[in-house]
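Remember, predicted model here, so these are calculated numbers, not experimental data. Positions are given from 1 along the sequence. In what follows, every heavy atom counts, from backbone to side chain, and hydrogens, waters and symmetry copies are set aside.
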Amino acid sequence: MNLGAFLPAPGHHVAAWRHPNARPDGGLDFAYYRSLVRTAERGKFDMVFLSDGAGVRTHYKDADELSRQGRMVHFEPLTLLSALAVHTTHIGLTATASTTYNEPFNVARKFSSLDHLSAGRAGWNVVTSVTDAEAQNFNLDRQPAHAARYHRAREFMEVVTGLWDSWEDDAFLYDKESGRYFDPAKLHVLGHKGEHFQVRGPLNLARSPQGRPVIVQAGSSGDGMDFAARWAEVVFTAQQTLGQAQVFYKDVKDRVAGHGRNPDDVKVLPGVFVVAGRTQAEAEDKYAVLQDLVDPVVGLGLLTGLLGDVDISHLPLDGPLPELPATEGSTSRQQLVYEQARSQGLTIRELFLSVAGGRGHRFLLGTPQTIADELESWFTEGGADGFNVMPGYLPDGLDDIVDLVVPELQRRGLFRTEYEGTTLRDHLGLQRPDFAPTGSGS
């Protein structure tokens, strides 16, 4: 199976920063991040993944409530991964960049640069962004409509992938004797003119070691799944049950085939929030420490965000979650949280406590054996090609996964004991894409 390590600075639990062993200032400490990524590399993970947003994502009503949030500041992820590239040798380096608040040329250049700097370990998590707080940093009052964001994203991908194939692999000659720096026949100018973008090209960077950085996508709405079927090579997703995972997995693979692509060329990696202990009691104690640190104000703010910024502050915390209007936020995650509340009969308080760690992803708490049982079941029964692993708090949560869970997966023959290649595509079992220019000629 494939494994990604999803590493927000303090950890995934909403109260992670308050844990006695956590580093609340870790988002601004390079040495801390270097240690985390080296731990993940010691565990032979395929990649580390850094999420990002174009601003402070907040769902709180006033300054006092805002001050309780624990993940307010962190490095710009491409800058951080570029620095980490020289301190690691094998692990993939994947970061988020939005198609809504960037330009294609800049994104193409930055991720190609990371691929060169890391000798072929770059991955781009493509998002369309989901909050008005981000829009307000880019001359907008609110985010564009869901369908409009995906419409722009499709053209964005055409431009970026076209720019990545500006130069053939052997275009650069560097022939001092003849004075020829490159072969002009192997330069391809994109010349794109579309509804959203006009980009001539070429990219001022040679074709990258992987041909193209690995494309990752995380949307689970209808638009998101269609987008993934056309472009993605890794799909991050969130499901609560094996049945839900199997339905999603088959749907994505069928859609991929419908686009004329090989379903094996797309890896589906559900997120799993993991709390591991040497015994069940130890794991439960670790989780209880985190749950006891949840501020109800922060829990309600988290739930508000998962529900698409719908105001629920006036509702009784110990009452049920009523039917709420649809929003322009993350529609798939909103539906997942609704289903969890209904199926488990949860009050609003119980619901925000239940999503405090996984934020709608599968929650696994237990020993290495019981956690490996669940991962193996999803992997062997058509629910996943691997997992994007979400430690509760850092660094201890990642240490537990690397030192306890990974060895159990290795013992069962489910996960590598050594890296067999050097690029992210090697780790994922993905082919290097053939050169495919889409421009108007050299």
Nearest non-hydrogen partners of Gln143 and Ala135, listed with the distance: N-CB, 3.5 Å

- request: Compute whether any side-chain donor of one residue and acceptor of the other, for Thr88 and Arg121, lie under 3.5 angstrom apart.
  value: yes

- prompt: Would you call the rings of His12 and Phe6 parallel, tilted or perpendicular if under 30° counts as parallel and over 60° as perpendicular?
  reply: perpendicular

field: Donor-acceptor under 3.5 Å (Gln291 side chain, Leu353 main chain)
entry: yes

- request: Please examine the side chains of Val107 and Pro104, heavy atoms only from C-beta on, and report whether any two atoms are closer than 4.5 Å.
  value: no

message: Do Val214 and Lys267 make a side-chain contact, defined as non-hydrogen atoms from C-beta onward lying under 4.5 Å apart?
response: no

field: Atom pair CZ/CG of Phe30 and Leu80 - distance to nearest 0.5 Å
entry: 6.5 Å

query: So, does Asp29 use its side chain to make a donor-acceptor pair with the main chain of Tyr32 at under 3.5 Å?
result: yes

query: Are the aromatic ring centres of His19 and His13 under 6.0 angstrom apart?
result: no

message: Can you confirm whether Asn139 is buried at CG, in the sense that more than 12 heavy atoms of other residues, nucleotides or ligands lie under 6.0 Å from that atom?
response: no

message: If you count every heavy atom of other residues, nucleotides or ligands that lies below 6.0 Å from Arg109 atom CZ, does the total exceed 12?
response: no

field: Given Glu155, His151, Glu158, Arg154, the one that forms side-chain hydrogen bond (donor to acceptor under 3.5 Å, both in side chains) with His196
entry: His151

field: Pair Gln239, Thr241: side-chain N/O donor-acceptor within cut-off below 3.5 Å
entry: no

- prompt: For the residue pair His361 and Phe236, is the inter-centroid distance of their aromatic rings smaller than 6.0 Å?
  reply: no

field: Heavy-atom donor-acceptor pair, Asp165 side chain to Phe435 backbone, under 3.5 Å
entry: no

task: Kindly compute the distance separating NE2 (His146) from CG (Asp223), expressed to the nearest 0.5 Å.
output: 4.0 Å

- prompt: Just wondering, are more than 12 heavy atoms of other shown residues or ligands nearer than 6.0 Å to CG in Asp318?
  reply: yes

Shortest non-hydrogen contact between Val159 and Leu190, atoms and distance: O-CD2, 3.7 Å

- request: Given side-chain contact (heavy atoms from CB on, under 4.5 Å), test Leu50 with Tyr33 step by step and report yes or no.
  value: CA-CA 11 Å; Leu50 303 181; Tyr33 256 115; 3.9 Å; yes

Ion pair Glu374/Arg362, N-O distance below 4.0 Å: yes

field: Asp426 side chain to Thr423 side chain, donor-acceptor N/O pair below 3.5 angstrom
entry: yes

Nearest atoms (heavy-atom pairs only) where Asp434 meets Arg207: O-NH2, 3.3 Å

- request: Show your reasoning for whether salt bridge (Lys or Arg N to Asp or Glu O under 4.0 Å) applies to Lys110 and Asp115.
  value: CA-CA 9 Å; Lys110 289 177 181 179; Asp115 209 42; over 6 Å; no

task: Mark yes or no for whether Asp46, through its side chain, and Leu3, through its backbone, hold a donor-acceptor pair below 3.5 Å.
output: yes

query: Any ion pair linking Arg230 and Asp226 (charged N to carboxylate O, less than 4.0 Å)?
result: no

- prompt: With a 4.5 Å limit on heavy-atom distance, are the side chains of Thr237 and Leu269 in contact?
  reply: no

message: Regarding Lys286 and Asp400, does a basic nitrogen lie under 4.0 Å from an acidic carboxylate oxygen?
response: yes

task: Answer yes or no: is there an ion pair linking Asp25 with Arg23, defined by an N-O contact shorter than 4.0 Å?
output: yes

task: Give a yes-or-no answer on whether the side chains of Glu376 and Thr380 include a donor-acceptor pair shorter than 3.5 Å.
output: no

- prompt: Does some side-chain heavy atom of Pro270 sit less than 4.5 Å from a side-chain heavy atom of Phe248?
  reply: no

field: Pair Trp378-Met1, side-chain contact (heavy atoms from CB on, under 4.5 Å): steps then yes or no
entry: CA-CA 10 Å; Trp378 281 41; Met1 63 177 66; over 6 Å; no

message: Could you check whether any side-chain N or O of Asp52 sits under 3.5 Å from a backbone N or O of Ala97, counting only pairs where one atom can act as donor and the other as acceptor?
response: no

message: Could you check whether Asn125 and Thr96, counting side-chain N and O atoms only, form a donor-acceptor pair closer than 3.5 Å?
response: yes

- prompt: Side chains of Thr347 and Leu317: closer than 4.5 Å at any heavy-atom pair?
  reply: no

query: With distance as the sole test, does Gln210 use its side chain to make a donor-acceptor pair with the main-chain N or O of Arg425 at under 3.5 Å?
result: yes

- prompt: So which heavy atom on Ile91 is nearest to which on Glu41, and how close?
  reply: N-OE2, 2.9 Å

task: Take the angle between the ring planes of Tyr419 and His427 and call it parallel below 30°, perpendicular above 60°, tilted in between.
output: tilted

query: In terms of ring plane angle, is the pair Phe415 and Phe45 parallel, tilted or perpendicular, where the classes change at 30° and 60°?
result: perpendicular

- prompt: Would you call the rings of Trp124 and Phe156 parallel, tilted or perpendicular if under 30° counts as parallel and over 60° as perpendicular?
  reply: tilted

Between OG on residue Ser82 and CG on residue Leu117, distance to nearest 0.5 Å: 5.5 Å

- prompt: Val126 versus Met157: any side-chain heavy-atom pair under 4.5 Å?
  reply: yes

field: Pair Glu76-Thr79, side-chain donor/acceptor within less than 3.5 Å
entry: yes

query: Donor-acceptor pair, Tyr393 side chain versus Ala15 backbone, under 3.5 Å?
result: no

task: Any chance you could measure Trp164, atom CH2, to Phe111, atom CZ, to the nearest 0.5 Å?
output: 7.5 Å

field: Taking every non-hydrogen atom, the tightest pair across Pro144 and Tyr101
entry: CD-OH, 3.9 Å

message: Do Asn2 and Asp385 pair up side chain to side chain, a donor and an acceptor below 3.5 Å, judged on atom types alone?
response: no

message: Under a 3.5 Å distance rule, please check whether Arg18 uses its side chain to pair with a backbone N or O of Leu293 as donor and acceptor.
response: yes

- request: Grab the two heavy atoms, one from Val235 and one from Ala228, that are nearest each other, plus how far apart they are.
  value: CG2-CB, 3.9 Å

- prompt: When you check the side-chain N and O atoms of Ser98 and Ser129, is any donor under 3.5 Å from an acceptor?
  reply: yes

- request: Report the C-alpha distance between Gln198 and His192 in whole Å, list the side-chain angles of each, state the deciding distance to 0.1 Å, and finish with yes or no for side-chain contact (heavy atoms from CB on, under 4.5 Å).
  value: CA-CA 6 Å; Gln198 180 173 316; His192 177 89; over 6 Å; no

query: Backbone N or O of Gly53 within a donor-acceptor pair of the Glu134 side chain at under 3.5 Å?
result: no

field: Test side-chain hydrogen bond (donor to acceptor under 3.5 Å, both in side chains) applied to Ser166 - qualifying residues, sequence neighbours left out
entry: none

Atom pair CG (Leu364) and CG (Asp373), whose distance is rounded to the nearest 0.5 Å: 10.5 Å

- prompt: Taking the inter-plane angle between the rings of Phe363 and Phe273 on a 0 to 90° scale, is it parallel (under 30°), tilted (30 to 60°) or perpendicular (over 60°)?
  reply: tilted

- prompt: Quick one: OG1 on Thr94 to CD1 on Ile215, what's the gap to the nearest 0.5 Å?
  reply: 11.5 Å

message: Whether the side chain of Lys250 engages the backbone of Gly383 through a donor-acceptor N/O pair (distance < 3.5 Å, no angle test) should be reported.
response: no

message: Less than 4.5 Å apart, side chain to side chain, heavy atoms only: is that true for Phe49 and Leu7?
response: no

task: May I have the step-by-step check of side-chain contact (heavy atoms from CB on, under 4.5 Å) for Gln136 and Asp132, ending in yes or no?
output: CA-CA 6 Å; Gln136 289 159 10; Asp132 292 342; 3.9 Å; yes

